[in-house]
Each structure stands twice: as C-alpha cells, then as structure tokens.
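Here is the structure we will look at.
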Amino acid sequence: MARRFSAPYQSEPVSSLASWARNLAVFAVVAVLVSIVIVRFGFLEMKPALATFLGGLAIAALSILFGLAGFAAIWQNGSRGMARILLAFLIDGAILAYPAYLGLQYRKLPAIHDITTDPIDPPRFDALARLRTGDGANPAVYAGLYSAEQQRHFYPDIEPIELEISVDRAYAIALQLVNKRKWLVIDERAPQPPRRIGRIEAVARSPIMGFREDISIRVVPDGDDSRVDIRSASRYFESDLGSNAARVTKFIDDLNAAADADALKPVKKTPVAPPKAPAKTVKK
C-alpha cells in the first residue's frame, strides 16, 4: 500500500528555491525555442539569435543551481517542492545535453569550417557569394592552406570522386542526390563539353538550429568518364564541429553507390522491326 504524506508535511510551505528552479527551467526552454525560430526563419541577424540561445543555456544552468540550493533547504527544514526540483532538472538536462556534446566535439575536432575534395582548386561559390556577405559571415573564398592541412589530417578519406560514367549521367545523379536531401538549389548549370562544366550550388541546414551551410558541386569530363568535386562550408562560425566533413563523406558514398548502380543497368535496345517481305506480283 502506497505511503501517504502526513498532514504536518502537507501543511509545510513550498520551497521558494524549488519554485524558482522550475520557473527558470521553463523560461530557458522558451528562450532556446525562440532562438531556434529566429535562426530558421531569419527574423534577426545571427548575433542576436545566438545571444538568445546562449542566454537560454545560462538560465538553464542557473536553474540547476537554484534546484541544488532548494534540495539542500528541503533536506534541512522539511519544506515541500522536490517534484518541482526534479522537473527543473529534467528540463535543464534536456536543454544542456546537446550543447554539452557539441562542446566535447569542439575539443576533439579541428577549428575549420570549409571542406572540399579538391583543396588545390576547390569548387567556387558564384551565386552563393552574394549570400555570404552578412555581418559575421565567412568569406566566399576558400579557407586556405591551414584548412587543407587540418582536413588532410582529420579527414583523409575525402578525395575527388572518379566515376566510370559519362559527365551527363554524373551530373544528373548528383542533382538527384541534392534534391533528395532537400538542399535549397541556388544555381544549376548542366555540363556542355568541351567549354562549360557542370555546377550545382545549394544550401543545407544544420539539424536543430538550422544554420546555413553552403555547397558547391563541380562535374567535369575525364575522357569517357567523369570527375565530381564537392565543397561544403559553414556560412557562420570558425568551427563546424565536423558537420561539413560528415556531409561531404555521405555525399561521396551515396554518389559512388548510385553511379555503380547506374553503370550496371542494362542498355535498353530498341527493337528492330523485321524487314518487310517484297510485295508479290500477280501475273495475269
């Protein structure tokens, strides 16, 4: 049989510290959600949105401090409010868990934001260059030698994509993968050998905050085959926490798999109509 609280306990006042812990946790949720909406829909510049997000995290941390103080007060004077403290801890943990994981990633991964399969001649940002001019935005030009060296050390498997299919098929498959990922296509130009190479410029969004990360794909002929290079760069912040490398690696794997499947497709032969028999001449 469940144990009931005694009447004297029920008459004890609720700890004000416990109430503050719960209220701060709820306010932190609101601040974090508002910052996500601001970033995703572009209501404000990046700095105010980021300040709102960091403010929400700070409020969550303050809620934990109030909760610990409330727990000590309840332990000493027997006041009520433990349920409010536990609720506050649950909310604060949900808010702070992912930023804590990102903090660990920041310590482990290099502070670079521009990843490409061709550091010597990376795909350019042409149409996207106009979108990388806001306050605090990273420049459209490639990050340079330091970024290339860090990429080679931490992500050695990122290399140009050599495909044994025609340049037209490589471009079509690459564009299909871009659309499948629901990246926002800013510009696309199909290849027209020998003068014009294929280009796709698009924008991807990070999963939670929706930070914009720009992508440029270049498709060129290589004899009867083709070569594809991709570049993915964060529009803001010096460190991407590995997001661009993960995107490029996944695109390389999917493009190779799709190209292999396309190369194995049997060529459809056009049925040849049998020759018509010559008309018979009836002799009279």
Side-chain angles (χ1 to χ4, degrees), residues 35-54 102 105-106 109-152 154-155 158 160-161 171 174-175 177-190 196-220 228-252 255:
S35 68
I36 293 175
V37 171
I38 289 174
V39 172
R40 281 198 168 272
F41 293 95
F43 293 141
L44 292 174
E45 293 292 333
M46 182 60 62
K47 288 183 178 180
L50 187 60
T52 304
F53 181 76
L54 295 177
L102 294 181
Q105 292 294 98
Y106 182 80
L109 298 175
I112 57 177
H113 64 271
D114 202 339
I115 300 295
T116 179
T117 55
D118 186 0
I120 304 301
D121 182 22
R124 299 192 308 272
F125 290 145
D126 292 333
L128 287 169
R130 299 190 298 270
L131 304 178
R132 297 174 67 91
T133 57
D135 185 22
N138 293 319
V141 296
Y142 179 60
L145 181 60
Y146 173 79
S147 181
E149 289 293 335
Q150 292 294 305
Q151 175 186 314
R152 187 177 296 109
F154 284 90
Y155 313 114
I158 295 180
I161 313 164
Y171 177 84
L175 183 59
L177 291 176
V178 168
N179 292 327
K180 183 179 179 181
R181 285 161 166 75
K182 300 187 184 305
W183 296 343
L184 177 62
V185 176
I186 303 300
D187 186 30
E188 56 173 293
R189 288 168 282 174
R196 196 171 82 177
I197 64 177
R199 289 187 181 276
I200 304 171
E201 294 186 66
V203 179
R205 306 291 290 270
S206 61
I208 297 179
M209 293 295 293
F211 293 130
R212 293 167 177 81
E213 295 179 325
D214 298 321
I215 301 157
S216 180
I217 300 172
R218 180 178 62 206
V219 186
V220 297
V228 179
D229 285 293
I230 178 173
R231 176 186 174 192
S232 181
S234 300
R235 194 175 298 180
Y236 297 95
F237 311 118
E238 289 299 319
S239 175
D240 62 8
L241 304 177
S243 64
N244 289 296
R247 178 179 298 109
V248 170
T249 301
K250 186 66 167 62
F251 186 85
I252 292 173
L255 183 58

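In this structure, Thr133 OG1 and Leu128 CG are separated by 11.5 Å, a value rounded to the nearest 0.5 Å. Taking CD1 of Ile200 as the start and CG of Asn179 as the end, the distance is 8.0 Å to the nearest 0.5 Å. Between the CZ atom in Phe251 and the CH2 atom in Trp183 there is a gap of 5.5 Å [rounded to 0.5 Å]. Within the model, atoms CD1 of Ile36 and OG1 of Thr52 stand 11.5 Å from one another, a figure rounded to the nearest 0.5 Å.
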Working for side-chain contact (heavy atoms from CB on, under 4.5 Å), residues Lys250 and Arg181: CA-CA 11 Å; Lys250 186 66 167 62; Arg181 285 161 166 75; 3.7 Å; yes

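Of all non-hydrogen atoms in Ser243 and Glu213, the two that sit nearest each other are OG-OE2, 2.6 Å. Nearest approach of Ile115 to Ala245, heavy atoms of both residues: CG1-N, 3.8 Å. Heavy atoms only, all atoms of each residue included: Ser239 and Pro110 are closest at OG-O, 3.8 Å. Closest approach of Ile186 and Ala127 over heavy atoms only: CG2-CB, 3.8 Å. Smallest separation of non-hydrogen atoms from Val178 and Ala202: CG1-CB, 4.2 Å. When every heavy atom of Ile230 is checked against every heavy atom of Ile217, the shortest pair comes out as CG1-CG1, 3.9 Å.
Applying the side-chain contact (heavy atoms from CB on, under 4.5 Å) criterion to Ala137, with sequence neighbours excluded, gives Arg235, Tyr236. Remark: Glu188 engages Tyr171, Leu175, Val185 in a side-chain contact (heavy atoms from CB on, under 4.5 Å) (not counting sequence neighbours). Under the side chain to side chain donor-acceptor pair (under 3.5 Å) criterion, Arg212 pairs with no residue at all, not counting sequence neighbours. Listed by chain and residue number, nothing satisfies the side chain to side chain donor-acceptor pair (under 3.5 Å) test with Ser35 (two or more places apart in sequence, or in another chain). Taking the side-chain contact (heavy atoms from CB on, under 4.5 Å) definition, one finds that Pro122 meets it with Thr116, Tyr142, Arg231, sequence neighbours left out. With sequence neighbours left out, Asn138 forms a side chain to side chain donor-acceptor pair (under 3.5 Å) with no residue at all. Taking the ring-ring contact (aromatic ring centres under 6.0 Å, His included) definition, one finds that Tyr155 meets it with nothing, sequence neighbours left out. Scored by the side-chain contact (heavy atoms from CB on, under 4.5 Å) test, Arg189 finds Asp126, Asp187, Arg196, Arg199, Glu201 as partners (sequence neighbours excluded). Residues satisfying the ring-ring contact (aromatic ring centres under 6.0 Å, His included) criterion with Phe154, sequence neighbours excluded, are absent altogether. For Asp240, the side chain to side chain donor-acceptor pair (under 3.5 Å) criterion is met by Asn244, not counting sequence neighbours.
The closest donor-acceptor contact from the side chain of Ser147 to the backbone of Gly144 lies at 3.5 Å or more, if one exists at all. Within the 3.5 Å criterion, the main-chain N or O of Arg124 finds a donor-acceptor partner in the side chain of Ser216.
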